[in-house]
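These numbers come from the heavy atoms of this one structure, side chains and all, not from hydrogens, waters or symmetry mates.
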Amino acid sequence: MKSSNCNEELLCYNCPVETTLNIIGGKWKGVILYHLLSGKKRFNELRRKLPNITQRMLTLQLRELESDGIVKRTVYAEVPPRVEYELTDLGKSMENIIMEILYWGKNYQKNFLNK
């Protein structure tokens, strides 16, 4: 339950699980984080890895992850401009969480969906 006088939305959650799910929840954020675990990616690299995401949605999700301190966006002063995304130290600290989600999903697919 959120306090009515909270300034920082993420600090208003009583449950740390709710905070975490607010940051990585949704259809795309976890997948974006998974692909960034292997290192820096340019915007179009991420688009190729996520063929079903729209450009607008990818931009929105990256901005939210950046705003939450999970992803760092670097713009290089080149023509054409080059933009790279990478995990911050805080984002990298989520590696075990993302990998456990991966393993759980594989196990679920194997044991539940293939019946």
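Ile32 places none of its side-chain heavy atoms less than 4.5 Å from the side chain of Lys41. The closest side-chain heavy-atom distance from Val71 to Leu87 is below 4.5 Å. With contacts defined as side-chain heavy-atom distances shorter than 4.5 Å, the pair Ile70/Leu36 does not qualify. Considering only heavy atoms from C-beta on, Glu84 comes within 4.5 Å of Tyr76 through its side chain.
In the displayed structure, Lys72 atom NZ is contacted under 6.0 Å by at most 12 heavy atoms of other residues, nucleotides or ligands. Heavy-atom contacts from other residues, nucleotides or ligands closer than 6.0 Å to CZ of Arg82 number more than 12. No more than 12 heavy-atom neighbours from other residues, nucleotides or ligands sit within 6.0 angstrom of OH on Tyr103.
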Checklist entry - Which is it for Leu33 and Glu95 under the side-chain contact (heavy atoms from CB on, under 4.5 Å) test, yes or no, and what are the steps along the way? => result CA-CA 8 Å; Leu33 294 174; Glu95 181 172 5; over 6 Å; no
Checklist entry - Between Leu58 and Trp28, is a side-chain contact (heavy atoms from CB on, under 4.5 Å) present by the stated rule, with each step listed? => result CA-CA 8 Å; Leu58 180 56; Trp28 299 109; over 6 Å; no
Item to check | Criterion side-chain contact (heavy atoms from CB on, under 4.5 Å) on Phe43 and Thr59, from CA distance to verdict | outcome: CA-CA 8 Å; Phe43 185 86; Thr59 299; 3.5 Å; yes
Please list every donor-acceptor pair under 3.5 Å in which a side-chain atom of residues 45-54 meets a protein atom from a residue at least two apart or in another chain.
unit_1: Glu45; atom_1: OE2; unit_2: Arg42; atom_2: N; d: 2.8
unit_1: Arg47; atom_1: NH1; unit_2: Gln55; atom_2: OE1; d: 3.4
unit_1: Thr54; atom_1: OG1; unit_2: Met57; atom_2: N; d: 3.0

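When all heavy atoms of Arg73 and Glu66 are compared, the closest pair comes out as CB-OE2, 3.5 Å. The two residues Leu90 and Asp68 make their nearest non-hydrogen contact at CD2-O, 4.2 Å.
Here the straight-line distance linking atom SG of Cys15 with atom CG of Leu21 works out to 8.0 Å at 0.5 Å rounding.
Asn111 places a side-chain N or O within donor-acceptor distance of the main-chain N or O of Asn107, the cut-off being under 3.5 Å.
The residues Lys29 and Glu64 are annotated as salt-bridged, a charged nitrogen and a carboxylate oxygen being separated by less than 4.0 angstrom.
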